[in-house]
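Quick notes on the structure that follows.
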Amino acid sequence: MSYNTNVDQEANIEKGELNIPTLFQPKKYSMMSITTPQPDYMNWSTASLFVCFVWGIFAYNASNKVRKFNRMKAYDQAAKYSESALKYNKSAVACCIIMFFILGVPLAIALAVQGSITKFPNARMFFG
């Protein structure tokens, strides 16, 4: 540090214009702890097993973890898995709707065009 710098700082102190470097600590966001049991969506997860098996397995597993953490009164972790179970259940329903449009609608159109379902004795004759 040079002499001129010290003189400049002293002059700024007398004027009340001292620039002191300030260090800031990062803000700590504390989450409020959850005090109520979270919904486990177990019934919906069980139904998802029959609707779309792959997403149903994930939903059922997440629902089981929600129940486990609710029993342990670890509601923060239960909330995390509750959101996951809801997400997987919604994905299972979306998968069911998409599969309906991919498979069900063409089948219904084919039946409407060709007459009745008993017209053809087997699938090979139906699909031609």
Side-chain angles (χ1 to χ4, degrees):
M1 222 190 245
S2 70
Y3 175 75
N4 291 337
T5 309
N6 289 338
V7 172
D8 290 339
Q9 285 181 354
E10 289 175 7
N12 287 339
I13 290 173
E14 290 173 5
K15 293 178 188 176
E17 300 174 359
L18 181 62
N19 293 332
I20 300 173
T22 308
L23 299 176
F24 292 102
Q25 293 292 328
K27 293 182 180 179
K28 294 181 181 178
Y29 296 103
S30 61
M31 292 180 54
M32 293 178 51
S33 62
I34 301 170
T35 58
T36 57
Q38 298 300 305
D40 59 4
Y41 304 108
M42 183 58 81
N43 294 336
W44 195 1
S45 297
T46 305
S48 294
L49 285 170
F50 298 104
V51 171
C52 182
F53 186 73
V54 174
W55 289 113
I57 289 288
F58 292 125
Y60 194 80
N61 187 23
S63 294
N64 277 332
K65 287 184 180 184
V66 172
R67 282 195 173 178
K68 179 178 84 171
F69 286 123
N70 277 340
R71 274 183 298 196
M72 293 170 31
K73 297 193 185 322
Y75 300 130
D76 293 333
Q77 287 139 344
K80 178 182 131 188
Y81 284 108
S82 179
E83 290 175 9
S84 295
L86 181 62
K87 177 179 67 173
Y88 293 140
N89 284 322
K90 288 180 178 179
S91 298
V93 170
C95 177
C96 177
I97 291 170
I98 290 169
M99 292 308 290
F100 171 75
F101 282 115
I102 290 173
L103 299 175
V105 171
L107 182 64
I109 292 171
L111 287 175
V113 169
Q114 295 176 356
S116 88
I117 198 166
T118 59
K119 183 176 180 181
F120 302 99
N122 56 31
R124 176 179 277 170
M125 301 231 6
F126 177 76
F127 290 110

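Values below: all heavy atoms of this structure, side chains included; hydrogens, waters and symmetry mates excluded.
Residue Pro37 comes nearest to Asn70 through the heavy atom pair CA-OD1, 3.6 Å, listed as atom of the first residue, atom of the second, then distance. Residue Gln38 comes nearest to Ser82 through the heavy atom pair CB-CB, 4.1 Å, listed as atom of the first residue, atom of the second, then distance. The shortest non-hydrogen separation linking Val51 to Cys96 is CG1-CB, 3.1 Å. When all heavy atoms are compared, the tightest approach of Phe69 to Tyr81 is CE1-CE1, 3.4 Å.
Linking ILVMFWY side-chain heavy atoms closer than 4.5 Å, directly or via other members, places Val105 and Val93 in a single hydrophobic cluster. Cluster annotation: Tyr75 is not connected to Met72 through the hydrophobic network of ILVMFWY side chains, with a link wherever side-chain heavy atoms come within less than 4.5 Å. When the side chains of ILVMFWY residues are joined at heavy-atom separations under 4.5 Å, either directly or via intervening members, Phe100 and Leu49 end up in two distinct hydrophobic clusters. Hydrophobic cluster membership differs between Ile102 and Ile97, with clusters built from Ile, Leu, Val, Met, Phe, Trp and Tyr side chains linked at under 4.5 angstrom. Under a hydrophobic-cluster definition in which Ile, Leu, Val, Met, Phe, Trp and Tyr are linked whenever side-chain heavy atoms come within less than 4.5 Å, directly or via other members, Phe53 and Met42 are assigned to the same cluster.
Sorted by first and then second residue, the pairs that involve residues 54-63 and meet side chain to side chain donor-acceptor pair (under 3.5 Å), not counting sequence neighbours, are Ser45-Ser63.
Taken from CG in Asn89 to CH2 in Trp44, the straight-line distance is 5.5 Å, to the nearest 0.5 Å. Here the straight-line distance linking atom NZ of Lys65 with atom NZ of Lys80 works out to 8.0 Å at 0.5 Å rounding. To the nearest 0.5 Å, atoms SG (Cys52) and CZ (Phe58) are separated by 10.0 Å.
The closest donor-acceptor contact from the side chain of Asp76 to the backbone of Ile34 lies under 3.5 Å.
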